[in-house]
Amino acid sequence: AQKVTQAQTEISVVEKEDVTLDCVYETRDTTYYLFWYKQPPSGELVFLIRRNSFDEQNEISGRYSWNFQKSTSSFNFTITASQVVDSAVYFCALSGINAGNMLTFGGGTRLMVKP
Amino acid sequence: DTGVSQDPRHKITKRGQNVTFRCDPISEHNRLYWYRQTLGQGPEFLTYFQNEAQLEKSRLLSDRFSAERPKGSFSTLEIQRTEQGDSAMYLCASSLSPGTSVHNEQFFGPGTRLTVL
């Protein structure tokens with residue numbers, strides 16, 4: 001069974017603040033993939049990043065960075081110097097190698113960035 | 001437009017009616033997925049196809065739901081005898097099969113929002 005938990009249901013920050021979105025996962029697969037998706041008010045899920053279970057290197061892409069820690073089964077997402085356009089619901093998702101490529105999503109974290 | 005498209009974008013129906021949704025995946029993608037998202041929740045997996053073969057179905061997919069992908073291209077999701085609990089956003093996604101250079105990254109369509117009155 002796969003499970004993804006995003007304990008923060010809603011976060012509100014002021015523009016330019018840094019914010020970290022938490023994601024904790026459970027899986028029995030030894031090979032798996034972790035994802036973050038963004039869902040803006042328009043509703044379409046936008047792919048942000050994919051990591052595989054063998055690659056624990058942190059990744060930075062512009063103002064976005066991801067911290068994957070296998071020891072704590074966490075894959076956290078940090079936005080640096082947040083902007084109003086970052087306001088959206090962010091989903092963490094998991095796909096185990098034996099799960100037929102299906103994604104198991106967390107409940108999402110609604111991020112509100114105020115000017 | 002080379003993304004995943006879904007039609008219709010919105011559907012309002014009365015309880016007991018049948019509805020059908022269509023999904024057109026990215027053309028070179030051989031995997032196609034259906035998810036359901038209710039308000040305030042993350043998407044939940046319903047079913048997926050590899051080419052025309054339906055390989056897995058979630059327990060969420062009751063016998064009132066049926067999905068097809070007859071020629072391995074577009075897919076349809078039909079809900080018979082709709083119930084108010086079926087009200088949700090139905091999302092379609094597509095991907096290449098694992099083993100390619102873009103391993104199992106799924107691209108989502110805009111969704112079909114179903115409201116059952």
Side-chain angles (χ1 to χ4, degrees), chain A residues 1-10 21-25 27 29 31-55 59 75 77 88-112, chain B residues 1 3-6 9-10 23 25-26 29-51 53-61 67 88-114:
Chain A
Q2 302 184 142
K3 185 178 179 182
V4 177
T5 301
Q6 295 179 255
Q8 306 148 308
T9 54
E10 201 166 292
L21 310 181
D22 298 334
C23 172
V24 175
Y25 63 91
T27 180
D29 289 325
T31 300
Y32 52 89
Y33 294 79
L34 295 162
F35 303 80
W36 276 94
Y37 283 86
K38 175 181 180 180
Q39 190 172 44
S42 60
E44 191 161 341
L45 281 163
V46 177
F47 167 79
L48 294 178
I49 190 171
R50 175 189 73 248
R51 298 301 268 175
N52 72 54
S53 51
F54 298 116
D55 183 1
E59 183 157 338
F75 186 43
F77 172 30
V89 181
Y90 291 86
F91 291 98
C92 181
L94 166 69
S95 175
I97 197 71
N98 294 314
N101 217 34
M102 67 178 238
L103 292 173
T104 298
F105 285 84
T109 297
R110 180 177 298 278
L111 174 65
M112 291 177 292
Chain B
D1 186 5
V4 178
S5 61
Q6 292 186 246
R9 294 291 306 276
H10 303 272
C23 171
I26 293 171
H29 286 181
N30 50 8
R31 285 203 171 181
L32 185 149
Y33 310 79
W34 286 99
Y35 292 82
R36 182 176 72 184
Q37 185 178 21
T38 52
L39 205 59
Q41 304 296 317
E44 296 172 294
F45 170 79
L46 293 178
T47 188
Y48 89 94
F49 294 83
Q50 173 138 334
N51 300 314
Q54 188 173 18
L55 296 186
E56 189 161 347
K57 292 193 287 187
S58 160
R59 285 174 292 178
L60 292 174
L61 213 66
M89 176 79 86
Y90 289 85
L91 296 166
C92 177
S94 70
S95 76
L96 294 167
S97 295
T100 66
S101 61
V102 189
H103 187 102
N104 71 4
E105 175 178 312
Q106 295 182 24
F107 294 87
F108 283 81
T112 294
R113 182 169 295 284
L114 173 66

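Throughout, protein chains are lettered first and strands after them, A, B, ... in sequence-line order, and every chain is numbered starting at 1.
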Exercise for the section: Inspect the surroundings of NZ in B:Lys57 and state if more than 12 heavy atoms from other residues, nucleotides or ligands are less than 6.0 Å away. Expected result: no
Problem - Given B:Tyr33, B:Tyr35, B:Phe45, the one that forms side-chain contact (heavy atoms from CB on, under 4.5 Å) with A:Leu103 - result: B:Tyr35
Practice task
Flag the one option from B:Pro43, B:Gly42, B:Ala93, B:Ser58 with the top tally of heavy-atom pairs under 4.5 Å to chain A.
Solution key: B:Pro43
Practice task
Search all heavy atoms of B:Gly109 against all heavy atoms of A:Glu44 and return the closest pair with its distance.
Solution key: O-CG, 3.8 Å
Completion exercise
Whatever's closer than 4.5 Å to a heavy atom in chain B on A:Gln6 counts as neither
Completion exercise
To the nearest 0.5 Å, atom CD of B:Gln41 lies from atom CZ of A:Phe105 at 13.0 Å
Problem - Residue A:Arg110 excluded, over 12 heavy atoms near CZ under 6.0 Å - result: no
Handout entry: B:Glu44 portion near chain A, given a 4.5 angstrom heavy-atom threshold
Key = neither
Handout entry: Gap between atom CZ of B:Arg31 and atom CE of A:Met102 - 0.5 Å precision
Key = 12.0 Å
Exercise for the section: Identify which one of A:Phe91, A:Tyr37, A:Phe47 satisfies the ring-ring contact (aromatic ring centres under 6.0 Å, His included) criterion when paired with B:Phe108. Expected result: A:Tyr37
